Peer 1: 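Below you'll find the structure I mean.
All of these numbers come straight from a predicted model, not from anything done at the bench. Convention: sequence-line order gives letters A, B, ...; per-chain numbering from 1.
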Number of protein chains: 2
Amino acid sequence: MDISPSDLIILRMLQENARERLETIATETGLSVATVQRRIRNLKADGAIMSENALISPKAVGYAMTFLVFVELEHERIDQIDAFRRKAKAEAQVQQCYYITGEADFALIALARDMEDYEQLTHRLFFQDSNVKRFRTSVVMDRTKVGMNVPLG
Amino acid sequence: MDISPSDLIILRMLQENARERLETIATETGLSVATVQRRIRNLKADGAIMSENALISPKAVGYAMTFLVFVELEHERIDQIDAFRRKAKAEAQVQQCYYITGEADFALIALARDMEDYEQLTHRLFFQDSNVKRFRTSVVMDRTKVGMNVPLG
DNA sequence: GATGAAACCGTTGACGC
DNA sequence: GCGTCAACGGTTTCATC
C-alpha cells in the first residue's frame with residue numbers, strides 16, 4: 001500500500017471533516033473531482049480509511065465521567081488475556097482498550113454516568129472476574145485532546 | 001438539552017456510520033426523512049454531534065507504534081498544567097491527552113513511526129520541559145478497542 | 001488503467017401547511 | 001411541529017484515450 005502526497009492531503013481533509021466537499025479536495029490537491037473520488041474509494045478498499053463516524057459528545061447523552069483504568073491479570077496467559085480482551089470489547093462503556101507493556105496488562109478508557117454507574121461497571125468487569133488480580137482507577141478531570149487523529153503531512 | 005429515544009437511535013446510527021442514509025434512519029426511528037434531517041441539524045447545533053471524521057489507519061500511513069505515557073509535573077500549578085496541556089495539544093503525534101487524578105498528572109496516547117521517532121517526541125515533550133518531573137512509557141502491544149464511541153441506548 | 005461527461009441518487013434548504 | 005420541491009453535491013456508469 002503506497003500513499004502519495006495527494007493521498008495524504010485527502011486523508012488529512014477527511015480526517016478533519018468527513019463531509020469535506022470533493023471539489024475543495026480537488027482544488028487543494030490539484031486533482032480532478034473524479035480522481036479524488038477514485039482515490040477515496042481506493043483508500044477505503046485498502047483500509048487506510050477505516051470508517052466514517054459522527055463524534056458524539058458523551059456529556060450530551062449523560063456520560064459525565066471518564067476513567068482511565070489499569071488492569072492486572074492473575075496470570076499472563078494467552079487464554080486469560082484473550083478472555084479479558086473480549087469482555088472489555090463487549091462492554092459499551094469501555095471506549096478504548098489497550099494491551100500494554102509495563103506493570104499493568106491493560107489500560108481502559110471507560111465512560112460512566114456517575115460514580116455509582118462506574119462502580120457497577122467495575123463489578124461486571126473486575127470483581128466478578130477471578131482472572132483480574134487488581135485494578136487501579138484514575139478519574140479523568142479533563143479530556144484535553146480527544147479523537148483518533150493521525151499525523152498526516 | 002433533552003435527547004429523545006429516537007434521537008438516541010439517530011446518534012447511534014451516525015456514530016456507527018456517518019454516511020448512513022436518512023431514509024434508513026427514518027425507517028428505523030419511525031420518523032420522516034425531513035424530521036430526521038432536522039433532528040440531525042439540531043443535534044449538531046446543540047453540540048451532541050461534535051464532528052464527523054474519517055477514521056484513518058495509523059499503520060497505513062506509517063505510524064506503526066502506539067504508546068501510553070504518564071507524565072508527572074514538578075508543581076501542580078494551574079499555569080504549569082495549562083502550559084503542558086497546550087503543548088500536548090499542539091503535538092500532532094499526541095492523539096489523546098487526559099488530565100487525571102492519581103500518581104500522574106497526565107496520560108497521553110501517542111503515535112510514532114518507530115522507536116527513534118518516539119524518542120524524538122519525548123525530547124520535544126518532556127526532556128526539553130523543566131516542568132516535567134518524570135514520565136513513564138507503556139508500549140501498546142494491541143489496540144483492542146479503538147474509537148470514541150459512546151454507549152447509546 | 002486513468003480520465004471526463006452525464007445520468008442517477010441522496011442531502012440540503014426554502015417554502016407552505 | 002410536518003411534508004414537498006428545487007438546487008446542490010456525491011456516486012455510478014460509460015465512452016474515450
Peer 1: Side chains of A/S4 and A/R39: any donor to acceptor distance under 3.5 Å?
Peer 2: yes
Peer 1: Given atom CG of B/L31 and atom P of D/dC2, what is their separation to the nearest angstrom?
Peer 2: 7 Å
Peer 1: Begin with the C-alpha distance, continue with both residues' side-chain angles, and end with the deciding distance and a verdict on ring-ring contact (aromatic ring centres under 6.0 Å, His included) for B/Y63 and B/Y118.
Peer 2: CA-CA 10 Å; B/Y63 287 90; B/Y118 178 65; over 10 Å; no
Peer 1: Separation of A/E23 atom CD from D/dA7 atom P, in whole Å?
Peer 2: 18 Å
Peer 1: What is the distance, to the nearest angstrom, from the CZ atom on A/R21 to the C1' atom on C/dG10?
Peer 2: 16 Å
Peer 1: Please state whether the base of C/dG1 and the side chain of A/R39 form at least one donor-acceptor pair under 3.5 Å?
Peer 2: no
Peer 1: Pick the closest DNA chain D nucleotide for B/R19 and for B/S32 by heavy atoms, then say which residue is nearer the 5' end.
Peer 2: B/S32
Peer 1: At less than 4.0 Å, is any side-chain N or O atom of B/T35 found next to OP1 or OP2 of D/dG3? Yes or no.
Peer 2: yes
Peer 1: Under 4.0 Å between a side-chain N/O of A/R41 and OP1 or OP2 of D/dT12, yes or no?
Peer 2: yes
Peer 1: May I have the distance from B/I40 (atom CD1) to C/dG13 (atom C1'), rounded to whole angstrom?
Peer 2: 14 Å
Peer 1: Ring centres under 6.0 Å, that's the criterion: do A/F70 and B/F70 meet it?
Peer 2: yes
Peer 1: At less than 3.5 Å, do the side-chain atoms of B/Q37 and the base atoms of C/dG13 form a donor-acceptor pair?
Peer 2: yes
Peer 1: Whole angstroms only, please: what is the CD-C1' distance between B/E20 and D/dG10?
Peer 2: 16 Å
Peer 1: Taking atom types as modelled, find out whether A/Q93 and A/D117 have a side-chain donor-acceptor pair closer than 3.5 angstrom.
Peer 2: yes
Peer 1: Measure from CD on A/E52 to C1' on D/dT11 and round the result to the nearest Å.
Peer 2: 13 Å
Peer 1: Using whole Å, what does the distance between atom P of nucleotide C/dG1 and atom CZ of A/R38 come to?
Peer 2: 12 Å
Peer 1: I want to verify a distance call: between D/dG10, C/dT12, C/dG4, whose nearest atom is closest to the A/L22 side chain?
Peer 2: D/dG10
